[in-house]
Amino acid sequence: MGHTEVELDSDHYWSIPNDKLYSVYEDPSDFTVGQLSEDLENVRAFVWVSTLLRFIGSKIAA
């Protein structure tokens, strides 16, 4: 689509607990706050974990 970057012009967001997320006929309650910048750091960490898992998988499958 031609985009290489997206500006995070907002950081905090409302998060609905999983047990309430799909109960669309009830008003959600017990909101928590999430943070996009923290989520981004978690994704970066996951990339490194995936590299380690790939290595481990190649050793186990061999």
Side-chain angles (χ1 to χ4, degrees):
M1 297 177 70
H3 298 284
T4 58
E5 294 182 11
V6 175
E7 181 182 350
L8 295 180
D9 56 357
S10 296
D11 195 21
H12 294 88
Y13 59 88
W14 290 112
S15 181
I16 302 172
N18 285 338
D19 63 334
K20 307 284 186 190
L21 188 59
Y22 299 103
S23 299
V24 296
Y25 299 107
E26 298 175 26
D27 289 334
S29 60
D30 303 324
F31 291 98
T32 59
V33 175
Q35 189 172 4
L36 291 172
S37 57
E38 184 178 309
D39 295 344
L40 180 59
E41 289 303 316
N42 289 333
V43 168
R44 287 181 181 152
F46 181 74
V47 170
W48 292 109
V49 169
S50 67
T51 304
L52 292 170
L53 290 174
R54 180 178 179 188
F55 174 79
I56 292 168
S58 71
K59 293 298 183 181
I60 292 172

Participant: Take a 6.0 Å sphere around CG of D19 and say whether it holds more than 12 heavy atoms from other residues, nucleotides or ligands.
Facilitator: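 Yes.
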Participant: Do other residues, nucleotides or ligands put more than 12 heavy atoms under 6.0 Å from the CG atom of D27?
Facilitator: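 Open.
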Participant: Can you measure from CZ (R54) to CG (L52) and round to the nearest 0.5 angstrom?
Facilitator: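 Taking CZ in R54 and CG in L52, the distance rounds to 12.0 Å.
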Participant: Is it possible for you to say whether W14 and V24 belong to one hydrophobic cluster, with membership spreading through side-chain heavy-atom contacts below 4.5 Å?
Facilitator: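 Per the 4.5 Å side-chain linkage, W14 and V24 are not co-clustered.
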Participant: Applying the 4.5 Å side-chain criterion to the ILVMFWY set and letting contacts propagate, would V43 and V49 be lumped into a single cluster?
Facilitator: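 In one cluster: no.
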Participant: What are the two closest heavy atoms between Y13 and D39, and how far apart are they?
Facilitator: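 Taking Y13 first and D39 second, the nearest heavy atoms are OH-OD2, 2.6 Å.
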Participant: Apply the side chain to side chain contact (heavy atoms under 4.5 Å, CB included) test between S15 and each candidate in L21, D30, T32; give the one that qualifies.
Facilitator: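 The residue from L21, D30, T32 that satisfies side chain to side chain contact (heavy atoms under 4.5 Å, CB included) with S15 turns out to be T32.
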Participant: Treating Ile, Leu, Val, Met, Phe, Trp and Tyr as nodes and any side-chain heavy-atom pair under 4.5 angstrom as an edge, say whether V33 and L8 lie in one connected cluster.
Facilitator: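 Each belongs to a different hydrophobic cluster.
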